[in-house]
Structure formats: C-alpha cells, structure tokens
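First up is the structure itself, then whatever we jot down about it.
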Number of protein chains: 2
Amino acid sequence: MPPTKGGAVGRDDRSVTGKLFMLLSAFRSGRAELTLSEIAHRSGLAMTTVHRLVGELTERGVLERGSDRRYRVGLALFEIAALAPRGPGLREVALPYMEDLYEFTRENVQLGVRADDEVVFVERLAGRASVGVRTRIGGRFPMPPTGVGLVLLAHAPPEVRQRVLAAPLHRFTSRTLTDPERVRRVLADVRRDGFAVSDRQVTSDALSVAAPVFDGSGAVVAALSVVLRFGSVRPSSLAPAVRMAARGISRALTSAPDSIGETVAG
Amino acid sequence: MPPTKGGAVGRDDRSVTGKLFMLLSAFRSGRAELTLSEIAHRSGLAMTTVHRLVGELTERGVLERGSDRRYRVGLALFEIAALAPRGPGLREVALPYMEDLYEFTRENVQLGVRADDEVVFVERLAGRASVGVRTRIGGRFPMPPTGVGLVLLAHAPPEVRQRVLAAPLHRFTSRTLTDPERVRRVLADVRRDGFAVSDRQVTSDALSVAAPVFDGSGAVVAALSVVLRFGSVRPSSLAPAVRMAARGISRALTSAPDSIGETVAG
DNA sequence: ATTCCGTTTCCGTTGAACGGAAAACCCGGT
DNA sequence: ACCGGGTTTTCCGTTCAACGGAAACGGAAT
C-alpha cells in the first residue's frame, strides 16, 4: 500500500470505519453544532446512513444531542482522545514548563506536534492580555509560516520537507515567505541556532519564537513557542527562555513512561 | 428506550460502530500502548477483526503505531475531540479564570462535568508544588467523594441522584461518606451554600472546595474546584475565591457562541 | 532446530449495512 | 387553522462489506 497522501481524506467511503470518520469530520469545518441533515450534507453520506450511525454514536456518548436537538461532539470521544500520547499525554508533562514560560512572558505559549505535513496545536496558554492568535487547540496549520512549524519542519524527515516545499506556500501577510529556497535557508538556520523566529508571517502584528522538544532518543517530537505582539521585545532575547522551557519538557519526557516518539511511516 | 445504564458499555457488539468503540475503549484501562493481540483481548473481539479495523484506523490517524510497533491513540481522534463543547470547548473559555485561581492559590485547580453518573475531568492546572491527585484529564470518577462531583450531583436531575445514592458508595478513606442519607444532607447544604467541601474523602491528605458553573439558561453545566493539602488553610476561606472564578466562567459562557448545556436524555 | 507468541493473508459464508421511498414531524408563513 | 418547506424517522428488500476460522508468516527466546 502506498503511503497515505498527506492529510487528505481517503476516498474509501465503502467501509463503515471510513464513513464514521467522515461523519465525525463533518464537525471539523465551521460550527460545532450540526443538524442531522447538515452532517449528511457535509459528510457526503446518505441521510438514512447518517441517521443510523449518528443514532448509535449518540447512544454511546460519542455524539451528544443538545436541547436544540442539534448534534455535537460528545464526551466519550474526549475521554478516549485524552489517552493520546502525542496529544493530552504530551500536554500533561509539558504543562508545568509552559506555565513557567507563561508567567515569565505573559504571552501566548503554544505547544505543537507534526501531523502529516502540518502542525497540530496540542496546547495553548493565553492570558487575557495576550495578542490574539489564529490557532486553535486541536487545529491544523501549515508549517512554514509558524514558529513551531518551522522547528518541526526543520527536524522533519527529508521527504516531508520535500513535499511541503514543493507545494505552493500559502501567503498570509506581505511578509510570509513563499520562496522554497528562502524557507530552506531559514530551516538550516533553525537547525544551527536551536530556535526559530517567525516574524509577522501569519498576522501582521504578531511574531513567535519557538524551540524544539526532544524525546529520550533525541528525536524532535514537538515544538514550544511564545507568540508576542510585534515590537514589544526583541525576538531573540526571548530565545533562551523558550529553549530552556523546551529543554525542561524534553528532560521530563525522557523519564516519562509512554513514548511520544515519531510514528512509523505508513 | 430507557436511559443508558450509567457508563456501562452497551452489549451490542454486533454493529461495526460498537466494535470500533470497544476497540478504542481498550486503551482506557491501563497502558496507553497496546499490541494488536492485547487490543483483541481487552476488547473481546476476534483477532482478524481487530487486525482489519486497527489497520483502517491507523491509515486514518485515529491510531498510531510507534517504532516499537505498538499501537496508541492517534492525533486524528484528538483533533475531532477538540471540538467537543463540553470538553475542550468549555475548557477554552474557562482557562483564564482557572489560571487566576491557580495563581491565587498555587494549588490544583480542576474543572469537571457530569457524564452519566460520574464526573469527567475536563481540565486541571497543577503546579509542581501542588498536592498529588488521583484524577486524570478525561478520566472518570464517582461523584459523591469529590468536590466537583458533589456540586454536580447536587444540581443533577433527581433520577441521577436517585441512582447514584441507591448504588453502594465506594469507600476511599476512613472519612468517605457511605451513608446515602448523610450524602443527601450534604447535597442540600451544597445547594444552599453555593459551594461544596470534600474533606479527605478521596485521599487522606487532600481536600477540595468546589463551586458550580452555570450556562446562559441558569443550569449547572460544570464545577470548578481547588484541591489542597489538609491543614494548609481553612477550606471555607477559599470558597469565595472559587465561587468568584466559577462565576466568571459562567458569565463568559453566557456570551459564548456554542451551547454547553445539558444533553437531552435518551 | 524448535517452540512460542504475535501478526498477517486467504477465502467462503452471512447478516449488518445500505439507501430509496414514504410517512411523520416540526415550524414559520398566511 | 391550514398550508408548504424542510427535517427527521420508520420501513423493508437487496447486496456487499464484514466476519472469523484456518493456516502461513515472522522473529525472538530456548
């Protein structure tokens, strides 16, 4: 079997597993509460099929039905997902260090891992005073324009870097790097310096400083970043703090029971 | 159909949905990383069936396979679960207030909701100095002995209270209340006072102070608590702070877009 | 070399899943 | 109150995905 094409939903809608996945994925884009027919429409499944599956999922608490009779993702899914080593598992050991960093900087502190060719944000601490960010926990984002993404991409397997840089790079602001060669040079710097800076590449008022998190085997399994308003401080002055916090997480991971390490490629 | 029996897994293992649910639930008890045959054994499904389903789930990222070839819960599940209004959704709006409470007390701050007849913990902030707790994010716990549980139970529908108090109450410590009538009186106090105190009922060195979180319609949708070492402070002196933080969350919920409210029964 | 345990492939059988059709329901409009 | 659009739910005959026993495969330990 060829490796799954990065992030794309398989067109295999024949198996029930596939259908369930499509069904649940309907909640990804847009609103968190959907009617039955909205689910059917977004998932591309037949009404009766959705009706049946949704009924069963609701019985099990994977979906819940509110007083408005709309469906939403239920707690049962949350309970199972809480066991994901690269999700909540990672978050668990990282949180104290993220708090330290947060209290030191009073800015958004983010933790992300790589999934396919994108970043998935696993945790974010944000005070009321922090600059607004476009990211959401559990949400995906392209790697090149973000701080965590740059770190993850810099340490990703070559074929991932290849794919990402071969695809057109989405421009978010006038400063977003869209030339693969420029990005490649930035990635080399990231590897050399041990941290990454993304300067107003996602929004024109924010920039982030990120550092790699290693597991016991020395592989980069996550990245930690601070997002701050442009102009508030010199980015590189924050690098030591971010690196130190990331190092703390790495150390904690080394002694953690469950491996967080890289997934074996498809 | 009668309301789903509290927390029990449906005996309906005929549908694929049910099998998938059982399969994933195998990760609940014990280790986070399982071999194929462990999954088969714990889920009670046939090897070949598990093999097929696990293969498909892995392709989709719902499960991941580590370098040790063991399976673990993957990020795809985390991504979808992140959309649960009563899980991460609730957490999102609650976090700033929880942080305030944490900085004020420097102790474990917990947020929980009711699922069936138990508490599910949705978030926990714990500093390195905080007293150890038996709870885990995404984990379940009986309601009566915990602070958040008492609050949730006190404001739960009568039939839930009935069921919970009819069942034998698990004794954790010598101080755990096991007499339904005593608990009933405590619950009345909780409703009257607007907060609950659980004094060394789970572990003999910790106690917790909890307060209810309301949604826009005035229903109790969650509970917030602080867990502290016994003897460090007088419990009731913390009540105002906990109540205030809970009130802050309630206010924020009222203006939140997605309803967190109670699930429609059955 | 042999055993043991976990994993994977093969394949004939069968019932769960499917989805069209139609009924029931829910609301807002008139 | 009645109608009309949308949504939800039930019904049921067809079919193909799911199933699982059996057997082959892999690799680590003895």
Side-chain angles (χ1 to χ4, degrees), chain A residues 1-4 9-27 30-60 62-72 74 259 263-266, chain B residues 1-2 9-27 30-60 62-72 74 259 263-266:
Chain A
M1 181 197 319
T4 316
V9 177
R11 62 238 48 80
D12 182 6
D13 58 343
R14 306 282 276 270
S15 73
V16 178
T17 309
K19 287 182 207 222
L20 283 172
F21 191 71
M22 289 176 172
L23 195 160
L24 290 173
S25 297
F27 288 89
R31 254 189 345 293
E33 304 191 301
L34 301 175
T35 74
L36 191 63
S37 26
E38 280 174 321
I39 298 174
H41 182 249
R42 293 187 186 213
S43 64
L45 301 171
M47 269 294 306
T48 52
T49 300
V50 172
H51 180 256
R52 178 167 23 87
L53 294 179
V54 158
E56 214 170 342
L57 290 175
T58 305
E59 240 178 79
R60 295 220 159 64
V62 173
L63 293 182
E64 290 174 4
R65 196 162 198 186
S67 41
D68 56 356
R69 312 213 89 206
R70 281 164 198 268
Y71 293 96
R72 34 183 137 109
S259 77
T263 298
V264 137
Chain B
M1 180 199 319
V9 177
R11 62 241 49 82
D12 182 4
D13 59 342
R14 307 280 276 270
S15 71
V16 178
T17 308
K19 286 180 208 223
L20 283 172
F21 191 70
M22 288 176 170
L23 195 161
L24 291 174
S25 297
F27 288 88
R31 255 189 344 294
E33 303 192 298
L34 301 175
T35 75
L36 190 63
S37 27
E38 279 175 321
I39 297 175
H41 182 251
R42 294 186 186 216
S43 63
L45 301 172
M47 269 296 305
T48 51
T49 301
V50 171
H51 180 256
R52 179 167 23 86
L53 293 179
V54 157
E56 214 169 340
L57 290 175
T58 305
E59 239 177 80
R60 296 219 159 65
V62 174
L63 293 182
E64 290 173 3
R65 198 162 197 186
S67 40
D68 56 357
R69 309 214 90 205
R70 280 165 199 266
Y71 293 96
R72 33 182 137 111
S259 78
T263 298
V264 137

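By convention in this document, chain letters (A, B, ...) are assigned in the order of the sequence lines, proteins followed by strands, and residues within each chain are numbered from 1.
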Separation of atom CD in A:Glu56 from atom P in C:dA16, rounded to whole Å
11 Å

Would you kindly compare A:Tyr71 and A:Thr17 by the position of their nearest DNA chain D nucleotide and give the one closer to the 5′ end?
A:Tyr71

Atom CG of A:Leu36 to atom P of D:dT8: distance rounded to whole Å?
5 Å

Closest contact, heavy atoms only, B:Phe21 versus A:Arg60
CD2-CD, 3.3 Å

The side-chain contact (heavy atoms from CB on, under 4.5 Å) partner of B:Tyr71 among B:Leu57, B:Leu23, B:Thr35, B:Leu36 is B:Leu36

Show which side-chain atoms of residues 46-53 of chain B pair as donor or acceptor with protein atoms under 3.5 Å away, not counting sequence neighbours.
none

Nearest atoms (heavy-atom pairs only) where A:Leu34 meets A:Ala26:
CD1-O, 3.6 Å

Roughly how far apart are A:Arg70 CZ and A:Arg31 CZ, rounded to 0.5 Å?
5.5 Å

Which atom pairs link the protein and nucleotides 18-26 of chain C when you take only N or O atoms and keep those under 3.5 Å?
{"residue": "C:dC18", "atom": "OP1", "partner": "A:Lys19", "partner atom": "NZ", "Å": "2.9"}
{"residue": "C:dC18", "atom": "OP2", "partner": "A:Arg52", "partner atom": "NH1", "Å": "2.5"}
{"residue": "C:dC18", "atom": "OP2", "partner": "A:Arg52", "partner atom": "NH2", "Å": "3.3"}
{"residue": "C:dG19", "atom": "OP2", "partner": "A:Thr49", "partner atom": "OG1", "Å": "2.6"}
{"residue": "C:dG19", "atom": "N9", "partner": "A:Thr48", "partner atom": "OG1", "Å": "3.4"}
{"residue": "C:dG19", "atom": "N7", "partner": "A:Thr48", "partner atom": "OG1", "Å": "2.7"}

A:Leu45 side chain near A:Ile39 side chain, heavy-atom distance below 4.5 Å:
no

B:Met47 CE - D:dA18 P separation (whole Å):
18 Å

Nearest whole angstrom, please: distance from the C1' of C:dA16 to the CG of B:Leu20.
14 Å

Does a side-chain N or O from A:His51 land closer than 4.0 Å to OP1 or OP2 of D:dT8, or not?
no

Would you mind reading off the distance between B:Leu34 atom CG and C:dG6 atom C1', rounded to a whole angstrom?
14 Å

